[in-house]
There are 2 protein chains.
Amino acid sequence: MDKKTPPRARRDDSLSRERIIDAAIAILDQDGERGLTFQALSAHLATGPGAIYGHIANKADLLTAACDAIVARAVTPDAPGATPQAAIRTLALAIFDAMDAHPWAGAALIQAGGKMPVVRILESVGRQLGALGVPEAARWAGVCALVNYILGVSGQNAANAQRARTECAERGAFLAAVSAEWSQLDAVQFAFTRSMAGQLRAHDDRDDFLAGVDILLRGLAARY
Amino acid sequence: MDKKTPPRARRDDSLSRERIIDAAIAILDQDGERGLTFQALSAHLATGPGAIYGHIANKADLLTAACDAIVARAVTPDAPGATPQAAIRTLALAIFDAMDAHPWAGAALIQAGGKMPVVRILESVGRQLGALGVPEAARWAGVCALVNYILGVSGQNAANAQRARTECAERGAFLAAVSAEWSQLDAVQFAFTRSMAGQLRAHDDRDDFLAGVDILLRGLAARY
DNA sequence: ACCTGAACACCGTTCAAGT
DNA sequence: ACCTGAACACCGTTCAAGT
């Protein structure tokens, strides 16, 4: 993905892919995905909108690159003494927290297919699964399950954080609103969802997220 | 979400929320999400773009509603004699196939938060988890893990199908391209991903998807 | 009450002209 | 070689005017 890294030195304040990505992240953090405009971006960089296309292909490319910067920061080298299980839990939590801090990255990451940011996570989880003794033939399914769970739940949580930010004053009020919606569902057709409405308001997102990771790890352990 | 169901009869060919959603699905299936334009939609319905806003709130609302129609068709009532495990596998495959047939729904579903289409899946999985004997306190984590896995992997698969459709002639060529990209990654930093490049090209998406569902079910069974 | 469709305020992207 | 910024071809949404 990163094939056209600029090969030679550049003037101090000249445009660069890196400077553009940093500016994009700053805008995304402040105003969300809708705020990231080539107008806003070029103003932030004190240049014209056309100049940006010298360094990035298009808006999708920019979003994936911004995402990759966030993920690269979150995927730190493994602590030397940790068990594979502990390393996976640490990685999962790092992604969860990064998505919570940069909610726009959740949606972008899921659209990114087999691209760089996802590959980083894949790689890190895959190594630990190897250390865990999962045989090579079964590793693909295990990695898929774990990575998709991590991306899915973190992304969902990020989407909630974003909706809470735009629709309600605070996160608690938002969860209460969804909980109230669920309580008004048909009592027969949606009995289970209604029964979960209370837990939705009370639960701790991070705890529940980790509980799911443990279910997956237990499933893998039960097999091998 | 569906609170303003039209309460009274309407002329045969007059606009209705349902007719709009059907037209939207037809356009999405044919031209993808980028093809769904209020221009194209109103042309398809032989009306002006403004008329649509009498029945739907905005484009996001329309997309969620279209998604819900797809999911509602896929989530069929459980077969009477089936075990909970079998019912969950059947549901998971139905979602997977629906997303594969309507790739745009994958992305839309993930953005839909605690809304109707997701609730349908939540409800169906939750019931089976109850039948499986998972105690109420642990059901939330279990449902989260399963639903997110199903949505995540199906969505990823749908995104691949969509990228394959637009970037390459056929699906095999697309997977080969991603596989080739992975093979060119750094041998030390991305050793695991490189080792998976072969499997990526050879694997059967549906089989691997089901294998992941089984890992989750086994993890839940190991605990309760 | 509902539809019509021109108009509005944007948006991503391009490209001739500058330096 | 790189930046500039006007211009292009759109887009979702609104709203006065019609029926």
Side-chain angles (χ1 to χ4, degrees), chain A residues 3-25 27-28 30-67 104 107-108 111-112 166-167, chain B residues 3-25 27-28 30-67 104 107-108 111-112 166-167:
Chain A
K3 272 162 210 161
K4 58 170 172 176
T5 323
R8 82 190 85 270
R10 35 185 144 78
R11 281 205 333 274
D12 248 24
D13 65 340
S14 77
L15 267 186
S16 71
R17 195 176 157 88
E18 203 185 19
R19 244 164 62 77
I20 293 172
I21 291 168
D22 284 346
I25 291 175
I27 293 172
L28 285 162
Q30 204 170 46
D31 302 319
E33 194 176 336
R34 288 191 42 177
L36 183 62
T37 294
F38 279 78
Q39 205 63 36
L41 191 57
S42 58
H44 206 278
L45 291 162
T47 181
I52 295 163
Y53 284 88
H55 301 88
I56 62 146
N58 51 43
K59 196 177 178 181
D61 177 38
L62 177 58
L63 224 74
T64 305
C67 220
W104 50 271
Q111 301 297 83
T166 53
E167 287 177 25
Chain B
K3 271 162 206 161
K4 56 171 170 175
T5 322
R8 85 190 83 270
R10 36 188 144 77
R11 282 206 329 275
D12 247 23
D13 65 341
S14 78
L15 268 185
S16 70
R17 193 175 159 89
E18 203 184 21
R19 244 164 61 78
I20 293 172
I21 291 168
D22 284 346
I25 290 174
I27 293 173
L28 285 163
Q30 204 170 45
D31 302 320
E33 192 176 338
R34 288 191 43 179
L36 182 63
T37 293
F38 279 78
Q39 205 63 36
L41 192 56
S42 58
H44 206 278
L45 291 162
T47 180
I52 294 163
Y53 284 87
H55 301 88
I56 62 146
N58 50 44
K59 197 178 179 179
D61 177 37
L62 176 58
L63 224 75
T64 305
C67 220
W104 52 269
Q111 303 295 84
T166 53
E167 287 176 26

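This is a predicted model, so every value here is computed, not measured. Below, read A as the first sequence line, B as the second, and so on, with proteins coming before strands; counting in each chain starts at 1. Computation of the quantities below employed the complete heavy-atom set of this structure, encompassing side-chain atoms and omitting hydrogens, waters and symmetry-equivalent molecules.
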TODO: Using the test side-chain contact (heavy atoms from CB on, under 4.5 Å), find all partners of A23(B) that sit at least two apart in sequence or belong to another chain.
DONE: L41(B), H44(B), L45(B)
Task: Partner set under side-chain contact (heavy atoms from CB on, under 4.5 Å) for N58(A), not counting sequence neighbours - done: A60(A), D61(A)
- [ ] Could you please name the option among dT4(D), dT13(D), dC3(C) that lies closest to any side-chain atom of T47(A)?
- [x] dT4(D)
Task: Separation of atom CZ in F38(A) from atom C1' in dG5(D), rounded to whole Å - done: 15 Å
Open item on the list: L36(B) vs L63(B), test: side chain to side chain contact (heavy atoms under 4.5 Å, CB included). Steps then yes/no.
Closed with: CA-CA 9 Å; L36(B) 182 63; L63(B) 224 75; 3.6 Å; yes
Open item on the list: Between P on dG5(C) and CG on L41(B), what's the gap in Å once rounded to a whole number?
Closed with: 15 Å
TODO: At under 4.0 Å between heavy atoms, which parts of nucleotides 14-19 of chain C does protein reach? Answer with one letter per nucleotide, 5' to 3': B base, S sugar-phosphate only, - none.
DONE: BB----
TODO: Would you please test W104(B) and I25(B) for side chain to side chain contact (heavy atoms under 4.5 Å, CB included) and show each step?
DONE: CA-CA 9 Å; W104(B) 52 269; I25(B) 290 174; 4.2 Å; yes
TODO: Would you mind classifying the nucleic acid contact of L36(A) as base, sugar-phosphate or nothing, using non-hydrogen atoms under 4.0 angstrom?
DONE: sugar-phosphate
Open item on the list: Both G48(B) and Q39(A) contact DNA chain C. Taking the nearest nucleotide for each, which residue is further toward the 5' end?
Closed with: G48(B)
Task: Options dT4(C), dC11(C), dG12(D), nucleotide nearest the side-chain atoms of T37(A) - done: dC11(C)
Task: Partners meeting side-chain contact (heavy atoms from CB on, under 4.5 Å) with Q39(A) (sequence neighbours left out) - done: T37(A)
TODO: Tell me the stems DNA chain C sits in, counting at least three consecutive Watson-Crick or G-U wobble pairs, each under 3.5 Å on both distances.
DONE: C:4-8 with D:12-16, C:12-16 with D:4-8
